[in-house]
**Q** 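Below are the structure tokens for one structure; questions will follow.
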Amino acid sequence: MLAEAEKFYTAILAARPDHFDALHGLGTLRSRQGDAVEALRLIDAALEANSRTADSASKLGSRLETLGRHEEARVALGRERATRQDRRAALVSRGVALLVLRRLPEALATFDEALVINGRDPEARINRGVALTQLDRAQEALAAFDLVLETAPEHPVALANRTRVLITLGRHAEAVEASDRVLAVNPRDAEVLYTRGNALCCLDKLEEAIESYERAWALNHARALCSVAVCRLALADWSRTDELAAALSERIAEGDYVHPFVAVVLDLSPLDQLNAARNQFRSRQPRAPKPCGRSSSLRSDKLRIAYVSADVRQHAVAYAIVGVSIGPDDASPIRARIVDAFDRFYDVSAEDDASVARRLNDLDVHVAVDLNGPTLGWRPAIFANRAAPVQAFYLGFPGTAGADFIDYILADETVLPFDQQAYFSERIVHLPDCYHAYDTTRRISQNIPSRPELGLPDQSFVFCCFNRTPKISAPVFDVWMQLLAKVHGSVLWLSETKHLVQQNLRHAAAARGVDPQRLVFAPYANRVEDHLARHRAADLFLDTLPFNAHSTACDALWAELPVVTCVGTAFAGRVAASMLNAAGMPELVTHSLDDYAALALKLATDAPFLQSIRRKLAQNRSTCQLFDGDRFRRGIEAAYTTMWGIHERGERPRGFRVGANAEEMN
């Protein structure tokens, strides 16, 4: 009954503004309401009042001792000890508010201060472990939870948090065991069931993970149904796709968490996709923090652009954009290359969000570019703190971030027409050609394996698709099987995946009358140049829908492998069309699955036609817009310049188009 409690706290504070319990209680209430900033202010006021009370009691006790009034002194000093214990509770509350605000070093120091008062306090130890977890100090976090379990072996909160840390450390089997210990005491703990599902996913036990997620969903866990959908898509289990899509659409409308990727891959409506992004953002950042103040007037002879990403590692974004890294250092060659390429590079993975925003402000950044969006490692509070006067979203996710403090999204007229503006929180900016950057220094190995070495038939037609399994939808798979049925001896070459997924795909092929052995799975290639080279063993790349190939389509085209795509309704389903247009190959773009099937069949059965397409792609490779890095640079720099000009004129952000030679405003 938070509203009633608030009335009492407010009444007490009207009479006694420094009342410790009322300040602390109201601060805790504000935390529960999602207002961590106000919670922190109130709890800090409570701690200040507590210090005054403790100091007064201590001085009174000392004075009474001096006067020989020992019994009264004992009472006063007892009051001081009790006040110090009250302080411990308030410190824990303060630390929790700091965790919400991602002021992690301060939170850790606050929990340490609480432990000075009572070194065995389980609440302080557990929250200290949470802070260490969020600081990527998982081993220390595990030790913090283990200390609690030494004296309380079945402490459910310590066990639950220990489970999450074990997943971070890659000790997934132990995480399942720890979850089972909690569930033995409380089988209806939805959060632990959900965490158990995550651990089972990491162990590739997706069917068991689904069972755990479904139990959590039955207990109204907000994220569990989304995870059920992810697992079923990852398993190529399309038996409940329509049912899950309808249920998730309802959950989105009610404000529940559904990951934006799931909304996109299930082809939910544009409004659902926008609301999914907004709901996810609110779940991560319930209340926007106060923006940082700018320290200078930002006068410079050139614009300072900051790229902020958790993917400065072996990741598709890193290979496309060669800043500021908010992710861990994986010591990969691509990370080293990126570090060398920028004027300045900062690893801020251990800094809290407000500190990163202040750093960007202090660096006088004009435009801050979020390369993540709602993907793994995203830290939206950096941008909520207004890290730069102009903030843009690019590349990390093919949809809206759902955050009103991101001013622009960089796209193009194919992937994101201006008529979709109503479904994007950012203002749409069209780059001149394809929005997707590509690294044209990527080498293709000269050592191209033979088809038999790759497990492929030597003389048959090879269809391929190296997209991840969740992108493969039942309607597209139906078309693929129809093609195999019509093209004698042909095979479908897919990326190697889990054994159970391969089984499911082969069972699906058999159910459609196709020999399961005509599906061939390519093992992971350790070197990018070897992966690019093996594309040349294929004849035709078949795209997916409603979520197209993105980097994988660019790779295929760079390796001179034709790609056939079907244009979808959303950003994610229009990327390959944009790439093909920019590669000068619009004839490979279709607008219905029937046309997609017909074009693929013609290419597979008309050898001269296929050869003419391959020749054209090879000729275009060195001159086309898709692989013209300097042209892309000019376009994106013109976009940043226009954004800054709008800001300098005091105008609100608005959509615009960057023309081939000059800016055109929308």
**Q** Going through the checks in order, is the side chain to side chain contact (heavy atoms under 4.5 Å, CB included) test met by V308 and L371?
**A** CA-CA 6 Å; V308 183; L371 292 177; over 6 Å; no

**Q** If you define the side chain from C-beta out and look only at heavy atoms, does anything of D628 sit under 4.5 Å from F632?
**A**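 They are not in side-chain contact.
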
**Q** Pairing donors with acceptors under 3.5 angstrom, does anything connect the side chains of R518 and S490?
**A**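 Indeed, the side chains of R518 and S490 share at least one donor-acceptor pair under 3.5 Å.
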
**Q** Between R344 and D364, is there a side-chain N and carboxylate O pair less than 4.0 Å apart?
**A**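 The answer is no: the pair does not qualify as a salt bridge.
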
**Q** Quick one: pull up SG in C464 and CG in L492 and give me the separation to the nearest 0.5 Å.
**A**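 One finds 8.5 Å between SG of C464 and CG of L492.
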
**Q** Give a yes or no on whether a salt bridge exists between R427 and D407, defined as a side-chain N under 4.0 angstrom from a carboxylate O.
**A**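 Looking at D407 together with R427, the answer is no, because their closest N to O distance does not fall below 4.0 Å.
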
**Q** Would a distance-only check, ignoring hydrogens and angles, find a side-chain to backbone donor-acceptor pair under 3.5 Å from D412 to L431?
**A**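 The answer is no, because no donor-acceptor pair under 3.5 Å joins these two groups.
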
**Q** Quick one: does any side-chain atom of R442 pair with a main-chain N or O of E529 as donor and acceptor, under 3.5 Å?
**A**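 No; judged by distance alone, with no hydrogens or angles, the pair does not exist.
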
**Q** Would you say the side-chain atoms of H647 pair up with the backbone N or O of V367, donor to acceptor, closer than 3.5 Å?
**A**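 No.
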
**Q** Taking all atoms of both residues into account, what is the closest heavy-atom pair of D543 and Y596, and its distance?
**A**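 Closest heavy-atom pair between D543 and Y596: O-OH, 2.6 Å.
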
**Q** So F281 and W378, would you call those rings parallel, tilted or perpendicular, with 30° and 60° as cut-offs?
**A**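 Taking W378 first and then F281, their aromatic rings sit tilted (interplane angle of 30° to 60°).
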
**Q** To the closest 0.5 Å, what do you measure between CD (Q420) and OG1 (T569)?
**A**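 With rounding to 0.5 Å, CD (Q420) is 8.0 Å from OG1 (T569).
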
**Q** Under 3.5 Å, is there a donor-acceptor pair linking the side chains of N447 and S445?
**A**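 No, no side-chain donor-acceptor pair sits under 3.5 Å.
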
**Q** Please step through side chain to side chain contact (heavy atoms under 4.5 Å, CB included) for the pair H366 and M643, ending with a clear verdict.
**A** CA-CA 10 Å; H366 298 84; M643 292 174 191; over 6 Å; no

**Q** For the atom pair NE2 (H499) and CG (N504), what is the distance rounded to the nearest 0.5 Å?
**A**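 Nearest 0.5 Å value for the NE2-CG distance: 10.0 Å.
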
**Q** Could you measure the distance from the CG atom of L483 to the OG1 atom of T605? Nearest 0.5 Å is fine.
**A**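 Interatomic distance, L483 CG to T605 OG1, rounded to 0.5 Å: 9.5 Å.
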
**Q** Determine, for R451 against D458, whether the closest basic-nitrogen to carboxylate-oxygen distance falls under 4.0 angstrom.
**A**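 No.
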
**Q** Of the non-hydrogen atoms in V262 and A229, which two are nearest, and what is the gap between them?
**A**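 Where V262 meets A229 most closely, the heavy atoms are CG1-CB, 4.0 Å.
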
**Q** Please check if any side-chain donor atom of E426 sits under 3.5 Å from a side-chain acceptor atom of T400, or the reverse.
**A**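 Indeed, the side chains of E426 and T400 share at least one donor-acceptor pair under 3.5 Å.
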
**Q** How about D439 and T441: does a side-chain donor come under 3.5 Å of a side-chain acceptor?
**A**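 D439 vs T441: donor-acceptor pair found between side chains.
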
**Q** Say whether Y438 and D555, considering side chains only, have a donor N or O and an acceptor N or O under 3.5 Å apart.
**A**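 Per modelled atom types, Y438 and D555 side chains form a pair under 3.5 Å.
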
**Q** When rounded to the nearest 0.5 angstrom, what is the spacing between OH in Y423 and CG in N275?
**A**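 It is 11.0 Å, given to the nearest 0.5 Å.
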
**Q** Quick check on the 6.0 Å ring-centre criterion: do Y408 and Y394 meet it?
**A**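 Between Y394 and Y408, which both carry aromatic rings, the centre distance is not below 6.0 Å.
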
**Q** Please tell me if the side chains of P586 and L580 come closer than 4.5 Å, counting only heavy atoms from C-beta onward.
**A**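 Side-chain contact under 4.5 Å: no.
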
**Q** Of F466, W480, F541, F461, which is the lone residue that meets ring pair (Phe, Tyr, Trp, His ring centres under 6.0 Å) with W493?
**A**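 By the ring pair (Phe, Tyr, Trp, His ring centres under 6.0 Å) criterion, W493 pairs with just one of F466, W480, F541, F461: F466.
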
**Q** Can we say R527 and D530 salt-bridge, meaning some charged N sits less than 4.0 Å from an Asp/Glu carboxylate O?
**A**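 Salt bridge flag = yes for D530 with R527.
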
**Q** Is a donor on one side and an acceptor on the other found under 3.5 Å between the side chain of D272 and the backbone of L268?
**A**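 No, because the side chain of D272 does not come within donor-acceptor range (under 3.5 Å) of the backbone of L268.
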
**Q** Is there side-chain contact between L519 and M481, with heavy atoms separated by less than 4.5 Å?
**A**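 L519 vs M481: side chains touch.
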
**Q** Going through the distances and angles, do F521 and R506 end up as a side chain to side chain contact (heavy atoms under 4.5 Å, CB included)?
**A** CA-CA 11 Å; F521 295 92; R506 286 193 161 122; 3.7 Å; yes

**Q** Please report the shortest heavy-atom distance between Q280 and P374, naming the atom on each side.
**A**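 For Q280 versus P374, the nearest heavy atoms are OE1-CB, 3.0 Å.
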
**Q** Can we say D630 and R633 salt-bridge, meaning some charged N sits less than 4.0 Å from an Asp/Glu carboxylate O?
**A**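 Counted as a salt bridge, because a side-chain N and a carboxylate O are separated by less than 4.0 Å.
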
**Q** Hey, does the side chain of Q391 reach the backbone of F383 with a donor-acceptor pair shorter than 3.5 angstrom?
**A**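 Checked: pair present.
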
**Q** Answer yes or no: is there an ion pair linking R278 with D404, defined by an N-O contact shorter than 4.0 Å?
**A**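 The answer is no: the pair does not qualify as a salt bridge.
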
**Q** If you compare all heavy atoms of A234 against all heavy atoms of T469, which two are closest, and at what distance to 0.1 Å?
**A**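 Looking at all heavy atoms of both residues, the closest pair is O-CG2, 3.5 Å.
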
**Q** Identify whether the distance between the nearest side-chain nitrogen and carboxylate oxygen of E560 and R614 falls below 4.0 Å.
**A**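 Judged by the 4.0 Å cut-off on N to carboxylate O distance, E560 and R614 do not form a salt bridge.
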
**Q** Taking the six-membered ring of W558 (Phe, Tyr or Trp), confirm whether the NZ or CZ of R621 is under 6.0 Å from its centre and within 45° of its axis.
**A**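 Yes, cation above the ring, under 6.0 Å and within 45°.
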
**Q** Any chance you could lay out the side chain to side chain contact (heavy atoms under 4.5 Å, CB included) test for F424 and L274, step after step, and finish with the verdict?
**A** CA-CA 6 Å; F424 279 72; L274 170 62; 5.9 Å; no

**Q** Checking N581 against S578 for the side-chain hydrogen bond (donor to acceptor under 3.5 Å, both in side chains) test, could you report, in this order, the C-alpha distance in whole Å, the side-chain angles of both residues, the deciding distance, and whether it holds?
**A** CA-CA 5 Å; N581 288 335; S578 173; over 6 Å; no

**Q** Parallel, tilted or perpendicular: which fits the ring planes of F418 and H430, with parallel below 30° and perpendicular above 60°?
**A**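 If you compare the ring of F418 with that of H430, the planes turn out parallel.
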
**Q** Which heavy-atom pair separates N548 from T544 by the least distance, and what is that distance?
**A**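 Looking at all heavy atoms of both residues, the shortest contact is ND2-O, 2.8 Å.
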
**Q** Measure from the side-chain N and O atoms of N279 to the backbone N and O of Y257, and report whether any donor-acceptor pair falls under 3.5 Å.
**A**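 Judged by distance alone, no pair lies under 3.5 Å.
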
**Q** Can you name the closest pair of heavy atoms from T565 and T590 and give their distance?
**A**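 Of all heavy-atom pairs spanning T565 and T590, the closest is O-OG1, 2.8 Å.
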
**Q** Can you tell me which residue among T414, L416, V575 is in a side-chain contact (heavy atoms from CB on, under 4.5 Å) with Y435?
**A**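 Per the side-chain contact (heavy atoms from CB on, under 4.5 Å) rule, the option paired with Y435 is V575, out of T414, L416, V575.
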
